[in-house]
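Here is how names work: the chains are called A, B, and so on, in the same order as the sequence lines, proteins then strands, and each is numbered from 1.
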There are 2 protein chains.
Amino acid sequence: MSNTNIKTLSPRKQEILTAAQKLFSEKGFNAASMRDVAKKLDIRPASLYSHYNSKDDILWEIAIRCANEFHQKVDPIAKLDLPIEVRLEKMITAHIYVIIKNINASAIFFQEWKHLNEPRLSEYAQSVAEYEALFRNLIQEGIQEGIFRNDLRPGFITAMILSSVNWIHQWYKPEGNMTAENIGKQAVRMILEGLYKAG
Amino acid sequence: MSNTNIKTLSPRKQEILTAAQKLFSEKGFNAASMRDVAKKLDIRPASLYSHYNSKDDILWEIAIRCANEFHQKVDPIAKLDLPIEVRLEKMITAHIYVIIKNINASAIFFQEWKHLNEPRLSEYAQSVAEYEALFRNLIQEGIQEGIFRNDLRPGFITAMILSSVNWIHQWYKPEGNMTAENIGKQAVRMILEGLYKAG
DNA sequence: GTCTATAGAGAGATAGAC
DNA sequence: GTCTATCTCTCTATAGAC
């Protein structure tokens, strides 16, 4: 799943994908039409079908490429021989990096996945489950080692952490001065240390 | 905005709303059709229009009633004369309570608002902004009083907190044994104290 | 208030010329 | 690979009988 090879796209396919990502994320998959995508590229709707066989195929390409991006950036960090809290910090920062570098694609990844059909929907779900397990296992490890609190279930903690960062695409504006590292550091501080003032 | 009076619905309108909430939240607003709603109630699609003038009107009723529910439950708590962290805990718990008691409506509230049209979209945005300000102002207060950490911006903290709890509708299953109070207490612990083991 | 029937718009997708 | 033209389907919504 996480090893799916992602081919390089032809220039035209890349243009279509970029236009579709913007439109699908702004209006939602169903509200954005193939006519909208074509208009954005100044071609006729029918021409799109020389590159993609269906609208569903475009959604799938967006989703699977985004899933691969998350895995590609985060999987290696989970295997590093580093202190647990350092690994968690690096994984969260990498996760946020992927979101910010693929702001439209990640919005679709998180919000429009329900419009995938089987068997793709199951493949998506499995990829997400495996990805979340990276975080959950690390947190579990931290609890067992006595670093992390042991009064909350790892699944609950994981859900809260990923939820808090997966919403970034809703408010992040590229023109702002916050980098992924910047946001990552702040998010990790909040997640690890909480809101109370230390001391 | 937060004082909009919510009328009691006729039994039929309530049935339509319940069916629409389930379908809109499961399939998304655009993918769920008026035919789907009618089928669920075992009536003809045309009959729906004796109760609601349009599909947009149904979405609006769902959104505005949910917004009012949040304000109605949380606004009074923000005004209570209680320690800041107690107020925050009670507000978060009440917020989670509204999500869980209106699991379909809140999913639509958070995910389908982009399908609102003007001027309703602006009214929605203002209601949300006012609501978020309740939390942000409280956090700001806590920072000034030296209770909360002062190295993170209140807006950033607010976004992280609300994001982490607004995702509950994605994983919450009513058949589970977690109550709103239960989830609220755990979420608040995580938010205030963080992941690190105390001591 | 619900029905049958259907108008009118817009969707995804295909055929075949160039 | 892009075009024109169009098929077919589904959607929201309306008209008018009961």
Side-chain angles (χ1 to χ4, degrees), chain A residues 7-64 108 111-121, chain B residues 7-64 108 111-121:
Chain A
K7 298 178 198 161
T8 309
L9 298 177
S10 72
R12 202 41 146 180
K13 279 190 115 171
Q14 185 60 62
E15 285 177 336
I16 293 172
L17 213 63
T18 303
Q21 279 170 355
K22 188 158 169 56
L23 286 163
F24 291 179
S25 73
E26 281 172 356
K27 310 170 95 177
F29 175 70
N30 275 286
S33 68
M34 293 295 267
R35 284 169 170 78
D36 292 332
V37 177
K39 198 165 197 176
K40 195 146 210 162
L41 301 176
D42 206 29
I43 58 176
R44 301 297 113 196
S47 306
L48 295 170
Y49 292 87
S50 296
H51 304 278
Y52 286 100
N53 288 327
S54 69
K55 192 186 179 190
D56 283 346
D57 282 4
I58 299 179
L59 177 62
W60 179 237
E61 182 119 306
I62 294 168
I64 197 64
I108 295 164
Q111 306 242 61
E112 306 298 327
W113 58 267
K114 67 173 68 166
H115 300 113
L116 294 169
N117 300 310
E118 294 295 357
R120 289 168 167 176
L121 181 59
Chain B
K7 298 178 198 160
T8 309
L9 298 178
S10 71
R12 201 41 147 176
K13 280 189 113 170
Q14 184 61 62
E15 286 177 335
I16 293 172
L17 212 63
T18 302
Q21 280 170 355
K22 187 158 169 57
L23 286 163
F24 291 179
S25 73
E26 281 173 356
K27 310 170 99 180
F29 175 70
N30 274 285
S33 68
M34 293 295 266
R35 284 171 166 78
D36 293 333
V37 177
K39 197 164 196 175
K40 195 144 210 162
L41 300 176
D42 207 27
I43 58 176
R44 301 297 115 199
S47 306
L48 295 170
Y49 292 88
S50 296
H51 304 278
Y52 286 100
N53 288 327
S54 70
K55 193 186 178 190
D56 283 346
D57 281 5
I58 299 179
L59 177 62
W60 179 238
E61 182 119 307
I62 294 168
I64 198 64
I108 295 164
Q111 307 242 61
E112 306 297 327
W113 58 266
K114 66 173 69 167
H115 300 114
L116 294 170
N117 300 310
E118 294 293 356
R120 289 167 167 176
L121 181 58

Legend entry - Within 6.0 angstrom of D56(B) CG, more than 12 heavy atoms from elsewhere: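 Correct, the count exceeds 12.
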Inset, instruction - May I ask you to decide if Y52(B)'s main-chain N or O and K13(B)'s side chain share a donor-acceptor pair within less than 3.5 Å? - result: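 Flag not set: sc K13(B) to bb Y52(B) has no pair under 3.5 Å.
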Inset, instruction - Enumerate the residues from residues 13-38 of chain A whose closest heavy atom to DNA chain D is under 4.0 Å, giving them by residue number; use none for an empty result. - result: none
Legend entry - Below 4.0 Å: OP1/OP2 of dT4(D) and any side-chain N or O of R44(A): yes
Legend entry - Neighbours of DNA chain C within residues 50-60 of chain A, by heavy-atom distance under 4.0 Å: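 Listed by number, they are S54(A), K55(A).
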Inset, instruction - Would you name the heavy atoms of A20(B) and I58(B) that are closest together and state the gap between them? - result: CB-CG2, 3.6 Å
Inset, instruction - Find the distance L48(A):CG to dG12(C):P and express it as a whole number of Å. - result: 10 Å
Inset, instruction - Go through the steps to decide whether D57(B) and R120(B) satisfy the test side chain to side chain contact (heavy atoms under 4.5 Å, CB included), and finish with yes or no. - result: CA-CA 10 Å; D57(B) 281 5; R120(B) 289 167 167 176; 3.0 Å; yes
Legend entry - NZ/K55(A): more than 12 non-hydrogen atoms of other groups inside 6.0 Å: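 Yes, NZ of K55(A) has more than 12 neighbouring heavy atoms, counting only those of other groups under 6.0 Å.
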Inset, instruction - Under the side chain to side chain contact (heavy atoms under 4.5 Å, CB included) rule, what do W60(B) and L116(B) come out as? Steps first, then yes or no, please. - result: CA-CA 7 Å; W60(B) 179 238; L116(B) 294 170; 3.7 Å; yes
Inset, instruction - Please check if atom NZ in K39(A) has more than 12 non-hydrogen atoms from other residues, nucleotides or ligands closer than 6.0 Å. - result: no
Inset, instruction - Return the value, rounded to whole Å, for the distance between atom CG of D42(A) and atom C1' of dT2(D). - result: 12 Å
Legend entry - Spacing of Y49(A) atom OH relative to dG12(C) atom C1', expressed in whole Å: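 Going from Y49(A) (OH) to dG12(C) (C1'), I get 4 Å.
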Inset, instruction - Kindly say if S47(A) contacts the phosphate of dG1(D), meaning a side-chain N or O under 4.0 Å from OP1 or OP2. - result: no
Inset, instruction - Could you walk me through whether I62(A) and E112(A) pass side chain to side chain contact (heavy atoms under 4.5 Å, CB included), step by step? - result: CA-CA 10 Å; I62(A) 294 168; E112(A) 306 298 327; over 6 Å; no
